[in-house]
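Right, one structure below, let's go through it.
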2 protein chains.
Amino acid sequence: MPRIGLSRDRLVEAAAKLADEHGFDKLTLAALARHFAVKLASLYSHVKNSDDLKTSVALFALSELADRADEAVAGRAGKDALVALANVHRNFAREHPGLFEAARFRLDATSAAVSGGARLSRTTQAVLRGYALTDTDCTHAIRLLGSFFLGFPVLESAGSFSHSQPEAEASWSRSLNALDALLRGWALP
Amino acid sequence: MPRIGLSRDRLVEAAAKLADEHGFDKLTLAALARHFAVKLASLYSHVKNSDDLKTSVALFALSELADRADEAVAGRAGKDALVALANVHRNFAREHPGLFEAARFRLDATSAAVSGGARLSRTTQAVLRGYALTDTDCTHAIRLLGSFFLGFPVLESAGSFSHSQPEAEASWSRSLNALDALLRGWALP
DNA sequence: GATATATCCTAATGCAATTAGGTATCTACA
DNA sequence: TGTAGATACCTAATTGCATTAGGATATATC
């Protein structure tokens with residue numbers, strides 16, 4: 001039998017695709033083996049187990065998200081940067097629903113430390129430099145923005161906004177306007 | 001063999017407890033059967049299948065959350081009501097991590113319509129009456145708040161805030177202050 | 001061309017989900 | 001109180017995923 005040329009990277013890449021197509025929760029080693037027309041046990045030469053694969057997909061997702069964020073923010077500042085960063089999250093969630101789910105996969109502390117999550121946090125911090133906040137307020141603002149960047153796409157893709165008018169799009173840009181104003185006036189009560 | 005007296009309600013209640021103890025994703029019919037010292041197949045007299053159980057737990061969670069919201073908001077208005085509603089979400093997420101996860105379980109349209117989710121949305125709307133918004137802006141604000149009420153506890157319980165100072169608590173109250181100010185000045189640019 | 005590595009395999013085990021069909025227990029009514 | 005029917009719980013069987021042990025062979029290196 002000829003060898004198909006599997007590798008850890010090819011597996012993770014294909015797993016990411018499967019997650020986007022069928023949902024991260026439906027991602028199984030068995031499905032991945034079928035995708036490569038290979039026996040399930042063969043995957044264990046490349047990944048430790050199912051959790052190892054999912055962790056790798058999660059790290060891939062966070063890294064991808066952080067890449068996009070860095071690219072989007074480069075050369076922008078103030079509200080312009082804020083909107084760009086926000087749209088990275090929302091667009092990522094729409095284009096890669098499985099990876100967006102994966103990004104919320106529970107990581108152990110060591111994985112989390114080297115993940116794109118930390119980089120994303122730094123990028124958000126950089127965006128906030130346009131708003132003249134104290135260090136502490138900057139942390140608060142990162143957390144507020146992070147919550148919104150996560151929560152809105154989650155609710156939107158869950159369909160929570162699809163049963164009422166107006167379009168989610170309008171709420172998105174209106175909310176970003178409001179958050180921009182909020183950040184500009186953060187120091188005030 | 002004596003009968004143990006199972007019922008759909010007892011199963012859902014126990015499933016909710018198991019979800020809180022071990023995580024909603026670890027909730028299985030097999031674990032539930034073990035909990036009642038009953039054979040796995042016996043559960044099928046009371047629930048249709050695994051998905052049916054999880055859906056019921058999700059509806060239970062949403063209903064519980066909506067109950068708490070209604071209770072917390074009663075007799076309050078303005079910022080007082082806003083903070084009370086926000087804390088309902090955060091406290092629920094901390095006291096019932098499994099149920100909070102369950103509340104994000106994908107529901108079909110008909111289940112979603114009768115779920116506590118719709119009620120929660122109405123309660124949020126009621127809280128916003130203290131802020132003199134147009135109907136459209138009210139919808140935008142509901143979505144913004146909903147995103148934050150979901151996103152912050154998710155990130156907090158994922159440990160995303162535990163590797164930096166200050167405490168999440170401070171960011172929470174600071175963010176609520178900011179959101180209150182935002183809502184009061186919503187009409188302004 | 002020989003050898004070593006690693007890739008992919010077969011085989012076996014355990015656990016979760018589901019279905020079919022049986023038995024015994026509870027309940028309600030005569 | 002005794003019996004009939006409903007149903008609560010069971011056994012048994014099938015399927016699918018995860019995991020491990022150990023074997024065979026394609027491929028790379030020398």
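Everything quoted here is computed from the prediction, not taken from an experiment. Labels below follow one simple rule: chain letters A, B, ... track the order of the sequence lines, proteins then strands, and each chain is numbered from 1.
- A ring-centre distance under 6.0 Å is not found for B:Phe24 and B:Phe100.
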Verdict with reasoning, A:Arg122 to A:Asp70, per salt bridge (Lys or Arg N to Asp or Glu O under 4.0 Å): CA-CA 10 Å; A:Arg122 283 192 295 276; A:Asp70 286 340; over 6 Å; no

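- Going from atom CG of A:Leu27 over to atom C1' of D:dC17 covers 12 Å, rounded to whole Å.
- For B:Phe148 and B:Trp172, the ring centers are positioned less than 6.0 Å apart.
- Taking atom CG of B:Asn49 as the reference point, atom P of D:dG16 lies 17 Å away to the nearest angstrom.
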Criterion ring-ring contact (aromatic ring centres under 6.0 Å, His included) on A:Tyr131 and A:Trp186, from CA distance to verdict: CA-CA 9 Å; A:Tyr131 290 95; A:Trp186 188 280; 9.9 Å; no

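- Sparse packing is recorded around CD of A:Glu13, with 12 or fewer heavy atoms of other residues, nucleotides or ligands lying under 6.0 Å away.
- The backbone N or O of B:Asp137 lies less than 3.5 Å from no partner atom in the side chain of A:Arg174, so there is not a single donor-acceptor pair.
- For DNA chain C, the residues of residues 31-46 of chain A within the heavy-atom distance limit of 4.0 Å (strictly under) are A:Val38, A:Lys39, A:Ala41, A:Ser42, A:Ser45, A:His46, sorted by number.
- The CG atom of A:Asp25 sits 14 Å away from the P atom of D:dC17 (whole-angstrom rounding).
- If you measure from atom CD1 of A:Ile4 to atom C1' of C:dA6, you get 16 Å, rounded to the nearest angstrom.
- You'll find that the side chain of B:Leu6 is closest to D:dC9, out of C:dT18, D:dA18, D:dC9.
- The separation between B:Leu29 atom CG and D:dC9 atom P is 15 Å, rounded to whole Å.
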